[in-house]
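Every chain is numbered from 1 and lettered A, B, ... according to where its sequence line falls, protein lines coming before strand lines.
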Amino acid sequence: MKKTKKSVWLYIFLALALALILISLIAKEIAPNDPNATNVLRVGEAPSAKFPLGTDSLGRCVLSRVLAGAKTSIFSALVLVLITAVFGSVVGMLCGYYSGIADGIVMRIIDGIMAFPQMILAIAVAGVLGGGMLNAMIALGFASWTPYARLARSRVISIKREEFISAAGLSGCSDFEILTKYITHNIFSSLLTFATTQVGTVMLGFAGLSFLGLGVKLPQAEWGSMISEARGMLATAPWAVLYPALALVFTVMIFNYLGDALRDRLDVRLESEAKR
Amino acid sequence: MLKYIGKRLLRLIPILLIITFVAFSLMYIAPGDPAQKKLISKGIVPTEEVLKATREEMGLDKPFVVRYAGWFLGFLQGDLGKSYANDRPVSKLLWEAMGKTSMVAASALILSLIISIPLGIWSAVRQNSVADYVLRFFTFLANAVPSFLLALLLIYFFCIHLKVLPVLAKNSVEGLILPTIALALPICGKFIKQVRAEVLEQLGSDYVVGAQARGVHSKIILIRDVLHNSMLSIITVVGFSVGALFAGSVVIESIFQWPGVGKLVMDAITSRDYPVIQGFVIYIAVIYVVINLATDLAYRVFDPRVTDS
């Protein structure tokens with residue numbers, strides 16, 4: 001009974017997340033106006049039939065920009081989580097499987113990188129690199145691949161002494177086969193769950209960098225930079241802040257709920273392992 | 001215990017090396033010639049002769065490792081170089097700004113503990129009640145609302161709508177209120193979640209059932225035993241949240257123009273003042289490492305069951 005109830009929530013949030021991804025994919029088609037078309041005569045207009053969510057400080061359609069921003073925010077977060085998860089996991093798996101001196105060195109490097117609060121490191125790297133979408137991704141990626149490595153490593157160490165692994169070795173499997181077939185299969189659910197819980201965090205990190213002017217280059221629409229651009233008109237055109245903010249909070253919540261539902265469903269505990 | 005402290009301190013050495021190495025390398029991952037960047041940020045036109053002199057002065061003709069070693073020795077003596085913008089020592093700039101940041105960070109931390117501990121306990125004791133569901137939704141919301149957004153909402157409500165508080169902090173106590181709330185509430189989400197989970201776990205353990213069977217009043221169990229035993233995990237989360245506090249303060253300070261390290265580093269990023277950025281990163285990392293070490297040690301002092309694993 002309990003398990004089916006948990007599954008229902010998982011599917012609901014999965015469906016919502018997929019719906020958001022779908023909306024961001026067709027954003028261009030459903031947007032009522034050109035997201036980058038400025039109009040000095042219609043600056044900070046209240047929501048109307050032509051501009052359902054009003055206009056911003058340059059007279060651009062807020063709804064169209066929120067939709068265009070969905071693509072930037074969601075895809076940059078998903079791509080970054082995918083890259084960091086794969087990279088970190090591979091490093092962690094190799095370290096855990098082979099151990100030795102290389103493992104020691106890599107783990108000390110990871111200790112060092114994790115000694116920085118993630119967002120502080122990202123702000124510094126993005127600040128030095130000078131903003132832009134790619135630089136923001138590099139900055140966030142550099143700061144956020146390490147937990148995957150720790151998690152993968154500790155999981156590999158805990159299962160590599162199991163009998164089925166030695167059996168695979170005895171029956172002639174190469175290390176590569178053991179790693180890709182048996183070990184990956186066994187640690188995949190933990191890594192997938194952790195990666196899902198990170199999507200929201202990365203999205204907020206990205207929005208934060210953009211808010212500080214270290215994310216996307218203008219005029220590309222992104223929720224964090226939209227909020228930042230519109231804050232000067234907070235008193236007269238609050239909708240220009242409100243709607244991208246709602247989109248950001250709602251999307252992050254959906255992905256956070258999805259991560260939690262997945263964790264409950266797969267019954268994995270990972271926070272302590274990824275952090276230590 | 002002493003042996004453990006020694007071991008932990010030894011482990012700090014490679015961490016310190018990597019922290020300083022990453023911070024030192026920051027200047028070199030930026031595109032362009034460091035000497036040229038230094039001159040430009042100082043407002044000097046980089047002619048060929050000046051460039052050459054600056055390169056020598058910065059030691060750019062020496063190998064990277066030698067430069068790093070020299071810089072590291074300086075760091076050990078507390079010398080983080082001089083700001084490009086005003087030639088003042090970076091360590092001094094950071095030290096002054098850190099006082100301001102600590103004010104906001106400490107008051108935010110205290111506020112979030114005052115809010116989170118009672119609410120977390122309440123949520124756990126009334127598990128699955130309406131209040132619990134509302135609080136759990138709030139923790140989820142708090143985890144999804146970035147502090148910059150909260151800051152704008154607070155400004156809209158208190159400064160524009162009600163007109164009771166100033167937007168710019170201006171060093172006053174009044175000005176401290178909004179930055180503190182904006183920094184504290186997102187952290188409350190994590191705190192409440194942790195307190196709730198920990199208290200729930202304690203409530204389900206044998207000693208609580210035993211005490212209940214002996215007829216001890218539930219409030220006494222809660223305050224004397226459960227809260228006491230939950231303290232450790234609360235200390236741990238506080239340790240972890242220090243990073244979030246500093247990251248949040250960078251954004252919050254630049255919104256409210258509060259003259260702390262966050263504003264210092266954002267100004268340094270704008271003017272490409274690399275020594276300040278480097279110093280900032282090291283400063284925060286060292287604080288973070290020391291606090292995490294202190295948390296770990298506190299764990300061992302308060303819970304004798306924790307041993308080397």
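Residues A:G208 and B:F148 come closest through the heavy atom pair CA-CE2, 3.7 Å. Closest of all the heavy-atom pairs between A:R108 and B:I18 is O-CD1, 3.1 Å.
Interface remark: A:F142 contributes side-chain atoms only to the contact with chain B (heavy atom separation under 4.5 Å). Heavy-atom distances place both the backbone and the side chain of A:F116 under 4.5 Å from chain B. Using a 4.5 Å cut-off between heavy atoms, A:A122 makes no contact with chain B at all. Residue A:N135 does not touch chain B at all, counting heavy-atom pairs closer than 4.5 Å.
The residues A:D260 and B:R136 are annotated as not salt-bridged, no charged nitrogen and carboxylate oxygen being separated by less than 4.0 angstrom.
For the set B:V289, B:V242, B:L149, B:V286, the count of heavy-atom pairs under 4.5 angstrom toward chain A peaks at B:L149. Taking A:G224, A:A115, A:S228, A:G112 one by one and counting their heavy-atom pairs under 4.5 Å with chain B, the maximum is reached by A:A115. Considering only heavy-atom pairs separated by less than 4.5 Å from chain B, the leading option among A:I123, A:I113, A:L242, A:T251 is A:I123.
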Problem set entry | Test side chain to side chain contact (heavy atoms under 4.5 Å, CB included) applied to B:I255 and A:F211, step by step | CA-CA 10 Å; B:I255 293 177; A:F211 182 83; 3.7 Å; yes
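Exactly one of B:I29, B:I277, B:V281 qualifies for a side-chain contact (heavy atoms from CB on, under 4.5 Å) with A:V125. That residue is B:I29.
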